[in-house]
Each structure stands twice: as structure tokens, then as C-alpha cells.
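Notes to accompany the following structure.
The figures that follow rest on heavy atoms only: side chains count, while hydrogens, waters and symmetry mates do not.
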Amino acid sequence: MTGKNCLVTGATGYIGGRLVPELLDAGHRVRCLARSPEKLRDHPWAGRAEVVRGDVTDPRSVAAAMAGIDVAYYLVHALGAGPGFEERDRDAARTFAEQARAAGVRRIVYLGGLTPAAVPGRALSPHLRSRAEVGEIFLAGAVPATVLRAAVVIGSGSASFEMLRYLTERLPVMVTPSWVGTRCQPIAVRDVLRYLVGSAGMAPEVDRAFDIGGPDVVTYEQMMRRYAAVAGLPPRLILRVPMLTPRLSSHWIGLVTPVPRALARPLAESLRHEVVCAEHDIAAHVPDPPGAPIGLDEALALALQRIREAKVTTRWSSASVPGAPSDPLPTDPDWAGGSLYTDRRELAVDAPPEALWRVVEGIGGENGWYSFPLAWAVRGWLDRLVGGVGIRRGRRDADRLRVGDSLDFWRVEEIVPGRLLRLRAEMRLPGLAWLELHADPPSPAGAGSRYRQRALFHPHGLLGHLYWWSVSPFHAVVFGGMARNIARAAERHADTP
């Protein structure tokens, strides 16, 4: 198959971030459309793909990105977004379809959700209904479309897998909603990517939706039991109760797993109805190699292996959190945009800059925040209670960070290797917040290194100012303790052979 010019939207997300290197390895040329191109800067494939700034809701940027494109991948959706997301999804899909026609694109490929047979659209969850509508918009357009419809995607870092993993590992006895008895057809992320890549070579006359799934049809309860077996856990006791609605279930999932309530609810709602493939026609266009599609147990084992080997390339939290702040850090110290509160800490460290940087880059997740763990835990729980992401998103990699990574309730905004880590807060706040950690060399006459730490807060309204002054008395404990403990950890690292 001759290599094609491919446009990928959603490259900062879970599937898109994995699809780009697969397309490149298959001999295609890839252009990524991203609202924040800097988030793709540190990906291993960044030097092999073109990245342009734009948004699927902006016709001009979509038109520019479509120039010379053969196949356009649409991998964005508003899962977890607030009110009005259906209209935004609808408008974005129409813009994408119209600009693809105008640019002479030969195919649109869209990954949507598997909808239950014989269930009217009005009975579907808003998110599942919206994803189905986006597929219909592409199929009704002038450009031939491949609409892939998947149910539960099993892969390291996927939201569905993380929900399954944490529920099963943390709850040996579970009181569960009735939807755990609903049948679904999970699919391994490797097969999803194989179908997406293969869709680029479909014949021009192919213009339809395909159901994609693995070989196993199971209930969610059976998935939890099979996960426990694959992970080597004792059998789980599962008790069903009928009164746990998807809304209540999302609170329950949010308390037990890292998946926030805003994302857990549409995932739970999608499991209310049976979602089983009605056909496997995709195999006529993208033939299954030996051993594919991958079975559930193998998919679970592969995902767990990736986690244990710290080879999770993308996670559900790779995508931006709907409603999270995205404003860049003001660079002018006397910023004209309003008040900018700061908390500065600086310490001499009896360790080389390299040892200090290892501690800085390893912060968060299982390594913690080097300061008053209870305070960080309480702040995370408070954030979860008001619908935020909380502190349990952890890290993608235990040792290395890249721009765009989620880090507990922060997002990596900038990295200067060996020197600077800047984090932007994604917790619910009456303002915008950043945390900067610097590993500086000593003065010319000195030895060791110097640690600089700066917390910044730009308040929104009176509530923002009140928030800063209410928490500032605790900064000496939280931020002061963090600076001292990071310095001590670096000195311990330096003393370790």
C-alpha cells in the first residue's frame, strides 16, 4: 500500500497518541492538528510527524490542516464535558466534513461508540447518542467515511481499563449496580489501532460503519472476575443492587478509582444497554492476522504487563480535562492581567544538579510530594467532592515526564531537561495556579546546586483572593516542607553509590 498523507486530530489523547506512530511505521506521512502543539513536543515520534496548531471547531485552521491530505482521522469527542457538548460535537463534525470535502480528502476515519441494537436514540445516554450522531454526519457527507464503533477498549492507560482495574483490585467485596450484568464485547487497543491504520487503505466505494470487538462477549461482572484471575487476585464477591443508577455509580467509581466523576458517568451510562457487535465485516477490508482479534484474557495480560514494565505510552488523562484552565503562565513579572500571588522558596543543596533534577522529575504519583502527605490527600479528596480530578491520576511513567502529561491534579506545562519543571493546576480553583521547580547550578564560586520553587496564583474575583489568603498560612508547612524535603532527597541520592 502506497503511503498516504494522513491528518490526525486528537493526537494528544489516548488513542490518537498511539495511532500516530502506528501510521508512521506503516509508511504513511502524518500531520497532527492540536490546540496545544507543545503537548506533542516530547513524544518519541514528534520529529517524524508535522504538528500544526488549530481546533476542529475553527473552519480556518481545519481548512489549512486539510491541505494535501488523503485520509483524515477524527478522534476527538467531548466525553466528560459540560452542558452543550452535543451541539459542540455536532458543529465540529460538520465543520470537519465540510472542510474535508473542500480540500479533496479521500476518506474520513472516525472512532465512535458501539450503540445497542433496537434501542432508539432518545433512550441512549447523551454521550453515546452524540457519538452516534457524529458518525451519521460523516456518513451523510460527500467524503467516503469509515466509522468504527467500539464498546469497552482494553489497554494500559485506557479509562475503561483503569476503571476495571481499580474497582477489582481495591474492592474484594463489591456492592454493584445492575448494569454489571449487561453484556458487552470488549476489544484490545492493539486491534483498535490495527483497524484504524487499515482503514486508510479502504477502497473508495467503502462508505459505512463497522462494529469492532474482540472474540469474547461478557458481562462487566465477568470482566471483573477475569481481571482478578489474570492479575492473580483472590476471587471477588460481587453483590448487585438495583438502586445504583449511573449517576450514583459515577460517584462510587469516582471514590474508588482515579477516573473522575465527570468521565465515570458517561462510561457507566454506556453500559446500561447491551453493546455486542452485530457483524464483523471489517475483516473483509482489514483482514485479521493469526491470533487476532485478541481475546479478553490476553488483552488484560498485555495491559498489565505494560503497566509493570512502565511502558504506558498514553493514558486516558493524556487528553485535557474539560473545563480545566489552559491559560499559559504570565511571563511578565509585573503582569498587567491582574493580581498574581507568589510563594517563593530557595535552598542551597549539597548535591549536584543532576541528583536534584532526578528528584524534581520524579515528583508526584507513587513518589508523593515531599510534604505533609495528609494535606495533599485531603486537598485531593476535596477536589473529588466538587467534581475535580483529585490527586489519584498519578504518573504515566515513574521516572520521566513530558509536556502534556497529567501528574495527579497537575498538568506538565513546560520542561527544560535538567533545569525546570512547570506544572499547571487542574484542580477546581477560583483562579489559575502554577508550580515551578528549578534545579540550578551553584554560583561560580560555590558547589552543589540550588533549588528554587515558586507557586503562583491568579485569582478570579473576590472568591479567588479569599481563597489565597485562607490557604497562605499553611504555605510554610506545605511549600516550605516540600522545598526542604526535596533538597534532602537529592542529597541522599547523591550519597547513594
Under a 4.0 Å threshold between the charged nitrogen and the carboxylate oxygen, would Glu133 count as salt-bridged to Arg129?
no
Rounded to the nearest 0.5 Å, the CG atom of Leu437 sits from the CG atom of Leu423 at a distance of 6.0 Å
(request) Could you tell me whether Glu98 and Arg101 have a side-chain N and a carboxylate O separated by less than 4.0 Å? (result) no
In this structure, NE2 of His280 is separated from CG of Asp288 (nearest 0.5 Å) by 3.5 Å
Angle class for the Tyr74/Phe138 ring planes (parallel below 30°, perpendicular above 60°, tilted otherwise)? perpendicular
When rounded to the nearest 0.5 Å, the distance separating OG of Ser61 from CE of Met66 is 10.0 Å
Here the gap from Met223 atom CE to Thr168 atom OG1, rounded to the nearest 0.5 Å, amounts to 9.0 Å
Rounding to 0.5 Å, atoms CZ (Arg402) and CG (Leu40) come to a distance of 9.0 Å
Original post:
When you check the side-chain N and O atoms of Arg107 and Ser199, is any donor under 3.5 Å from an acceptor?
Top reply: no
Residues Arg41 and Glu414 bridged, charged N to O under 4.0 Å:
yes
Exactly one candidate in Val51, Val56, Val8 meets side-chain contact (heavy atoms from CB on, under 4.5 Å) with Leu33; the answer is Val56
The side-chain contact (heavy atoms from CB on, under 4.5 Å) partner of Arg18 among Thr313, Leu196, Val192 is Thr313
Taking NZ, NE, NH1 and NH2 as the nitrogens, is one of them in Arg395 or Glu361 under 4.0 Å from a carboxylate oxygen of the other?
no
Exercise for the section: Count the heavy atoms of every other residue, nucleotide or ligand shown that sit under 6.0 Å from CZ of Arg106, and state whether that count exceeds 12. Expected result: no
Q.
Check Arg194 with Asp191, please: is the shortest side-chain N to carboxylate O separation under 4.0 Å?
A. yes
Original post:
Are Asp297 and Arg226 ion-paired here, with the side-chain N under 4.0 Å from a carboxylate O?
Top reply: yes
If the threshold is 4.0 Å, N to carboxylate O, is there a salt bridge linking Arg48 and Asp25? yes
When rounded to the nearest 0.5 Å, the distance separating CG of Asp58 from OG1 of Thr95 is 8.5 Å
If the threshold is 4.0 Å, N to carboxylate O, is there a salt bridge linking Arg208 and Glu279?
yes
- In terms of side-chain geometry, is the basic nitrogen of Arg411 or Glu413 positioned less than 4.0 Å from the acidic oxygen of its partner? no
Q | Working for salt bridge (charged side-chain N to carboxylate O under 4.0 Å, His left out), residues Arg225 and Glu221 | A | CA-CA 6 Å; Arg225 294 190 187 282; Glu221 177 180 338; 3.0 Å; yes
For Leu233 and Arg236 the tightest heavy-atom approach is CB-NH1, 3.8 Å
